[in-house]
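Inspection log for the structure reproduced underneath, given as structure tokens.
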Amino acid sequence: MQRGGGRRHRAVLGEAIGKQLSSTVGAPGAVALRLGSAAVILLLVYRPSLPRSRTDVVLVLGFGTAIAGMNLIYPALLLLPMGLASALQLLGPITLSLLTSRRLRDAGCAIVAGCGVWLFRTPHGARFPLSGVLLALAAGAAMAAYLLLSKKAGARNTGGGPLALAVAWAAALMVPLGVVDQRTELLAPRVLLAGVAVAVLSAVLPYSLELAALRRLPTRTVGVLTSLEPANAGLAGVLVLDEHLSGVQWAALACVGAASAGTLVRPERNRGRAAANTKPSTSTADDNARGHGAA
């Protein structure tokens with residue numbers, strides 16, 4: 001769990017740097033640098049072969065499209081505080097966990113998450129742009145699709161080839177937009193260096209670690225690693241971007257994070273049942289051993 005927490009801290013730090021980069025080269029430029037750099041790094045590391053079956057091709061294209069969709073968070077960050085944008089994006093994984101679990105407690109968690117988003121309204125009546133809210137929600141939907149497709153890609157291939165190809169496809173979709181918007185300004189050394197930093201912190205490392213984790217754990221379990229992201233994003237916004245959150249907004253972050261954790265963590269009662277189910281097989285094995293000894 002500590003590794004997962006470190007991964008999310010790096011991803012949020014990458015988003016904070018990405019927000020600063022977006023203010024310099026615009027959201028299309030920041031996304032182009034992030035995905036372009038990440039694609040080059042992953043292709044060099046994994047050196048994937050092209051998919052051979054139609055199913056693999058469709059999986060890579062869908063996986064890459066979901067990754068491209070997650071980058072809608074960057075134009076959202078230009079319109080919303082980082083904590084709010086992150087909380088809205090997190091509703092995607094929360095909804096995914098609700099759809100894949102039938103526990104009654106999850107309905108309460110969804111209500112808590114909704115209350116958290118509602119609390120982000122400032123007490124003086126200030127409102128956030130609807131376009132920013134919609135972009136963040138769309139990024140959340142893409143994030144849910146990304147988790148599902150990342151698990152499927154990891155199950156079909158033991159290496160990181162599908163991830164590298166998917167990020168390359170995402171770059172093919174998004175890089176032209178940044179080039180048209182900023183052109184040669186993206187080649188400035190300082191801008192390129194920032195783009196590589198964003199790519200490593202918020203794409204290469206998180207995507208690779210999530211792919212590895214999803215090979216071993218259910219999607220809903222990996223999703224718990226996102227439960228601390230809104231609080232991390234709010235803290236990153238304060239420390240890196242000099243943003244200011246009210247006490248109510250911090251409570252909102254806590255609500256969304258608690259809702260995500262409550263939706264995804266299994267109660268101890270279920271763990272006890274699972275342990276009890278393993279006891280008969282153990283006792284049967286012991287009985288068989290005794291029988292062989294008596295013989």
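To the nearest 0.5 angstrom, Asn157 atom CG is 8.5 Å from Leu211 atom CG. The distance from the CG atom of Leu96 to the CG atom of Leu148 is 4.5 Å, given to the nearest 0.5 Å. Remark: Leu214 CG to Lys152 NZ distance equals 13.0 Å, nearest 0.5 Å.
The side chain to side chain donor-acceptor pair (under 3.5 Å) pairs that include a residue from residues 162-175 are Thr65-Trp169, where partners are two or more places apart or lie in different chains. Listed by first then second residue, pairs satisfying salt bridge (charged side-chain N to carboxylate O under 4.0 Å, His left out) with a partner in residues 68-93 number zero, not counting sequence neighbours.
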Let me have the donor-acceptor pairs involving side chains of residues 26-45, under 3.5 Å, with sequence neighbours excluded, atom names and distances please.
{"unit_1": "Arg34", "atom_1": "NE", "unit_2": "Tyr74", "atom_2": "OH", "d": "3.1"}
{"unit_1": "Arg34", "atom_1": "NE", "unit_2": "Ser202", "atom_2": "OG", "d": "2.9"}
{"unit_1": "Arg34", "atom_1": "NH1", "unit_2": "Asn71", "atom_2": "OD1", "d": "2.6"}
{"unit_1": "Arg34", "atom_1": "NH1", "unit_2": "Tyr207", "atom_2": "OH", "d": "3.4"}
{"unit_1": "Arg34", "atom_1": "NH2", "unit_2": "Ser202", "atom_2": "O", "d": "2.5"}
{"unit_1": "Arg34", "atom_1": "NH2", "unit_2": "Tyr207", "atom_2": "OH", "d": "3.2"}
{"unit_1": "Ser37", "atom_1": "OG", "unit_2": "Leu33", "atom_2": "O", "d": "2.8"}

Check residues 50-57 and write down every donor-acceptor pair under 3.5 Å in which the side-chain atom is one partner and the other belongs to a residue at least two apart or another chain.
{"unit_1": "Ser53", "atom_1": "OG", "unit_2": "Asp56", "atom_2": "N", "d": "3.2"}
{"unit_1": "Ser53", "atom_1": "OG", "unit_2": "Asp56", "atom_2": "OD2", "d": "3.1"}
{"unit_1": "Asp56", "atom_1": "OD1", "unit_2": "Arg156", "atom_2": "NE", "d": "2.7"}
{"unit_1": "Asp56", "atom_1": "OD1", "unit_2": "Arg156", "atom_2": "NH2", "d": "2.9"}

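Residues Leu149 and Val60 do not share a hydrophobic cluster, defined by chaining ILVMFWY side chains whose heavy atoms lie under 4.5 Å apart. Leu165 and Val175 fall into different hydrophobic clusters, where Ile, Leu, Val, Met, Phe, Trp and Tyr residues are linked whenever their side-chain heavy atoms come under 4.5 Å apart, directly or through other members. Following chains of ILVMFWY side-chain contacts shorter than 4.5 Å, one can reach Val167 starting from Leu192, so the two form part of one hydrophobic cluster.
Shortest non-hydrogen contact noted between Ala142 and Met70 is CB-N, 3.5 Å. Smallest separation of non-hydrogen atoms from Ile73 and Ala85: CD1-O, 3.6 Å. Closest approach of Ala136 and Leu80 over heavy atoms only: CB-CD1, 4.3 Å. Of all non-hydrogen atoms in Pro176 and Ala171, the two that sit nearest each other are CD-O, 3.8 Å. Here the closest non-hydrogen pair linking Tyr146 and Pro206 is OH-O, 4.4 Å. Looking at every heavy atom in both residues, Gly132 comes nearest to Ala76 through O-CB, 3.7 Å.
Pro162 is not listed as a side-chain neighbour of Leu59, based on a closest heavy-atom distance of 4.5 Å or more. You'll find the side chain of Tyr46 reaches within 4.5 Å of the side chain of Ser208, heavy atoms only.
Under a 4.5 Å side-chain heavy-atom cut-off, the cluster of Ile, Leu, Val, Met, Phe, Trp and Tyr residues that includes Val180 has no other member. With side-chain heavy atoms closer than 4.5 Å counting as contact, directly or through intermediates, Leu193 stands alone and belongs to no larger hydrophobic cluster.
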